[in-house]
Number of protein chains: 2
Amino acid sequence: MDQKTTRDPAMTDVARLAGVSHQTVSRVLNDHPNVREQTRLRVRAAIKELGYRPNRAARALVTGKTQLIGVVAQNSTLYGPASLLSAFEEAAGEAGFAVSVGRVKVLDRESIAAAVERHRDQRVAGIVVIAPNSSAADALADVPAELPLVTVDGDPDRSTPLVTVDQGVGAYDATTLLLQAGHETVWHVSGPTDWFDAAGRVHGWRRALEMHNAEVPPVMAADWSAASGYKAGQMLARMPEVTAVFASNDHLALGVLRAMHERGRRVPHDVSVVGFDDVPEAAYFIPPLTTVRPDFAAVARETLGLLLEQVSEGESAQSRRTIAPVLVQRESVAPPA
Amino acid sequence: MDQKTTRDPAMTDVARLAGVSHQTVSRVLNDHPNVREQTRLRVRAAIKELGYRPNRAARALVTGKTQLIGVVAQNSTLYGPASLLSAFEEAAGEAGFAVSVGRVKVLDRESIAAAVERHRDQRVAGIVVIAPNSSAADALADVPAELPLVTVDGDPDRSTPLVTVDQGVGAYDATTLLLQAGHETVWHVSGPTDWFDAAGRVHGWRRALEMHNAEVPPVMAADWSAASGYKAGQMLARMPEVTAVFASNDHLALGVLRAMHERGRRVPHDVSVVGFDDVPEAAYFIPPLTTVRPDFAAVARETLGLLLEQVSEGESAQSRRTIAPVLVQRESVAPPA
DNA sequence: CTGACGGGTGTTATCGCTAACATCATCGGT
DNA sequence: ACCGATGATGTTAGCGATAACACCCGTCAG
């Protein structure tokens with residue numbers, strides 16, 4: 001009954017059952033044109049009957065190509081990167097590619113290089129690096145040019161193919177919303193300054209202020225955590241002239257919200273707050289947070305597209321794609337009192 | 001200068017350079033004992049000089065085995081699952097295995113079966129399924145028995161190899177802490193009842209209450225979100241007899257914290273609260289949250305170990321490993337007023 | 001009527017590796 | 001000095017696919 005040692009059916013088994021050569025089976029599998037319809041059907045039936053599944057290793061060996069994409073990402077559970085990764089895995093899966101993730105503890109040159117090496121060992125068709133800060137971007141210099149590579153959230157000033165959320169536009173829109181509500185100026189609690197995302201948001205915020213001839217207050221630098229948002233919020237809450245705050249992400253915004261609340265400054269009645277990311281909880285903050293929503297699924301799709309272009313055309317297209325985020329208006333913004 | 005068409009060096013190239021046969025190179029690579037030290041060094045040098053890297057496809061073809069592990073996980077950004085996945089990828093990477101992640105939108109039988117099929121197409125050495133609820137666990141019946149499989153966070157009542165956090169112990173400890181602080185009983189805000197994690201925590205909580213002859217209040221069922229924690233918290237805040245709450249995760253706890261705060265019930269002076277998960281922000285909640293910390297890295301290690309055991313021994317060990325979480329005491333627990 | 005053409009199919013070589021067996025020294029025991 | 005055991009290495013045969021070419025057959029133009 002049990003034939004444990006029975007090996008999986010191979011192409012020749014299918015060929016024998018269908019009464020054709022294995023090469024014809026291969027042609028059916030790869031949709032070659034010159035196969036009679038009747039033969040095609042016979043082969044298909046045999047494949048089904050045997051439960052045949054092509055051996056990717058054999059195919060990779062002869063073609064020299066795999067259907068694998070390597071991703072290098074930091075070992076973090078921050079909402080943005082995690083969502084992006086998740087979306088990318090889904091998009092790649094739908095396109096018939098498997099995704100191999102190489103996690104890295106810190107984004108330094110050495111770790112990234114090692115992760116890239118591991119992926120090359122696997123003969124991946126291409127690599128995606130989520131490189132949100134400059135040390136990560138630096139590490140990409142080591143990647144051999146012939147390996148298809150796309151950077152996500154990387155350095156906008158570099159020439160590698162890059163897909164990123166348009167931080168500037170998102171921040172500009174958020175800031176403008178606050179100014180148009182009537183606020184004289186908008187304060188900003190920023191993410192870590194060596195992150196491109198954070199830098200881009202600072203830039204967009206400043207541009208909006210300048211565009212409206214508003215005073216540009218000093219940037220409150222923080223990391224991405226609610227804790228640091230809270231600290232920054234405590235300072236802002238003490239300053240009566242602060243009536244509008246744009247936080248670089250929703251967790252920072254949460255910290256600000258809390259600090260304001262503790263100080264008795266009501267949001268949005270006394271102070272308006274806007275975040276960035278639209279984390280799932282944002283709609284349930286008190287008050288529900290107006291924020292900027294990046295389309296991670298779109299970023300993932302574009303990344304995959306750019307990578308596959310390089311894979312098939314061989315050329316490293318010096319290309320860049322930017323995804324505009326949308327402003328999600330909820331209840332944390334109002335005109336100044 | 002540019003030899004684009006030059007193919008990667010193969011084993012025979014290394015052999016030629018080292019003046020040995022390709023088989024000897026293979027022996028060096030696989031640490032076979034019968035190779036003279038001097039030869040070994042010569043081969044190593046040649047490998048280095050050529051920048052040779054073994055072709056995994058060729059090896060997989062002849063051995064019939066890959067160094068790939070498939071993971072099936074839900075496409076979610078919940079803290080627990082995301083941390084677990086991240087830790088697993090790291091552990092597997094260190095053990096020389098690549099991880100291919102198959103994301104699934106919903107944990108139903110069909111989606112999971114499809115994801116498993118995709119992994120089988122890739123000839124993965126084994127599969128890990130993060131199966132936190134019963135529909136996911138049901139789907140595992142379809143997985144062929146010969147494929148090494150480990151379930152994480154799965155059904156404790158099933159016979160598949162399983163690694164999981166000891167929800168019962170964690171909940172028991174949390175509840176006991178509150179009882180020993182002097183509270184008459186402890187209320188519980190639970191996660192979705194079809195999740196094994198949530199069920200296990202309910203169980204541990206109830207066991208602790210019964211052990212101490214405390215009254216068992218009705219379970220407040222919620223999902224995992226802060227929003228639902230807030231709703232449950234609003235009810236609890238209105239009930240003066242409620243002095244202690246154990247929430248099934250930190251986000252729920254956050255919602256409870258907020259509801260209490262709004263109602264003017266101070267934590268921990270009037271009401272004590274304990275969470276579960278120890279999310280990074282938990283230490284910065286107001287007040288810093290006492291919670292239960294699962295060791296995701298340990299779960300990942302055990303999962304990998306169990307899987308590799310199956311891979312190498314062929315037998316599907318009917319095994320189960322449980323990781324005890326630790327109670328992290330911060331400032332959200334105090335004796336009743 | 002014939003030869004060029006092209007659609008449908010089979011045959012053979014090959015990818016880069018490991019398994020299995022073959023070969024050839026070297027060595028210790030009697 | 002002979003012989004089998006052992007160690008170090010080479011030789012050969014696949015693994016399961018695709019690529020390249022060969023082949024057979026109609027069809028159609030000249």
Side-chain angles (χ1 to χ4, degrees), chain A residues 5-44 46-47 50-68 96 98 120-125 312, chain B residues 5-47 50-68 96 120-125 312:
Chain A
T5 48
T6 312
R7 72 182 207 309
D8 289 349
M11 205 172 251
T12 51
D13 300 315
V14 176
R16 198 176 314 117
L17 181 60
V20 297
S21 76
H22 69 257
Q23 180 62 352
T24 298
V25 177
S26 171
R27 286 194 264 257
V28 170
L29 250 44
N30 295 289
D31 287 322
H32 275 253
N34 298 346
V35 179
R36 216 172 357 141
E37 192 55 27
Q38 186 195 331
T39 313
R40 195 183 297 277
L41 292 176
R42 219 152 15 104
V43 171
R44 289 251 165 74
I47 287 175
L50 293 177
Y52 166 75
R53 70 182 75 225
N55 184 319
R56 301 207 177 209
R59 179 187 305 207
L61 179 57
V62 66
T63 61
K65 292 178 180 179
T66 59
Q67 294 281 100
L68 233 197
R120 293 189 68 202
D121 275 353
Q122 292 184 65
R123 300 286 207 281
V124 294
S312 58
Chain B
T5 47
T6 311
R7 71 182 208 307
D8 289 349
M11 205 172 251
T12 50
D13 301 315
V14 175
R16 199 176 314 115
L17 181 61
V20 297
S21 75
H22 66 130
Q23 178 63 346
T24 298
V25 177
S26 171
R27 289 191 181 102
V28 170
L29 250 44
N30 295 289
D31 288 322
H32 275 253
N34 297 346
V35 179
R36 218 177 353 145
E37 193 54 26
Q38 185 196 333
T39 312
R40 193 183 298 275
L41 292 176
R42 217 151 18 102
V43 170
R44 288 252 164 75
I47 287 176
L50 294 176
Y52 166 75
R53 71 183 74 226
N55 185 317
R56 300 208 179 208
R59 180 188 305 209
L61 179 57
V62 65
T63 61
K65 291 178 181 179
T66 59
Q67 294 280 101
L68 233 198
R120 292 189 67 203
D121 275 353
Q122 293 184 65
R123 300 286 208 281
V124 294
S312 58

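Each chain gets a letter, A, B and so on, in the order the sequences are listed, and its residues count up from 1.
For the helix from C:dC1-D:dG30 to C:dT30-D:dA1, the angle separating the two terminal helix axes comes to 50°, with each axis derived from five pairs and the value rounded to 10°.
Here the closest non-hydrogen pair linking B:A57 and A:L61 is CB-N, 4.0 Å. Here the closest heavy-atom approach between residue A:V14 and residue A:V43 is recorded as CG1-O, 4.2 Å. B:T66 and B:A125 get closest at one heavy-atom pair: OG1-N, 3.4 Å.
With sequence neighbours left out, the side-chain contact (heavy atoms from CB on, under 4.5 Å) criterion links A:Q122 to A:L68, A:S100, A:H119, A:V124, B:R56, B:A98. B:R53 pairs by the side chain to side chain donor-acceptor pair (under 3.5 Å) definition with A:E117, A:D121, not counting sequence neighbours. In this structure, A:R59 has no salt bridge (charged side-chain N to carboxylate O under 4.0 Å, His left out) partners at least two apart in sequence or on a different chain. The side-chain contact (heavy atoms from CB on, under 4.5 Å) search around B:L17 returns B:A46, B:E49, B:L50, not counting sequence neighbours. Scanning for side-chain contact (heavy atoms from CB on, under 4.5 Å) contacts around B:D31 gives B:R40, B:R44, with sequence neighbours left out. Taking the side-chain contact (heavy atoms from CB on, under 4.5 Å) definition, one finds that A:L41 meets it with A:E37, sequence neighbours left out.
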Write out a two-atom table: protein N or O, nucleotide N or O from nucleotides 24-26 of chain C, distance below 3.5 Å.
none

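Summarising the geometry, the separation between NZ on A:K65 and P on C:dC15 is reported as 17 Å, rounded to the nearest angstrom.
Think of the region where chain A sits on DNA chain D: with heavy atoms and a 4.0 Å cut, that region ends 5' and 3' at D:dG16 to D:dA20.
If you check residues 21-39 of chain A against DNA chain D, the residues with a heavy atom closer than 4.0 Å are A:H22, A:Q23, A:S26, A:N30, listed by number. Non-hydrogen atoms lying under 4.0 Å from DNA chain C are contributed by B:Y52, B:P54, B:N55, B:A58, B:R59, B:L61, B:V62, all within residues 50-62 of chain B.
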side-chain contact (heavy atoms from CB on, under 4.5 Å) between A:L29 and A:I47: does it pass, once the steps are laid out? CA-CA 10 Å; A:L29 250 44; A:I47 287 175; 3.3 Å; yes
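Legend: salt bridge (Lys or Arg N to Asp or Glu O under 4.0 Å) pairs involving residues 15-27 of chain B, not counting sequence neighbours, sorted by first then second residue: B:D13-B:R16.
Taking NE2 of A:H22 as the start and CE of A:M11 as the end, the distance is 7.5 Å to the nearest 0.5 Å.
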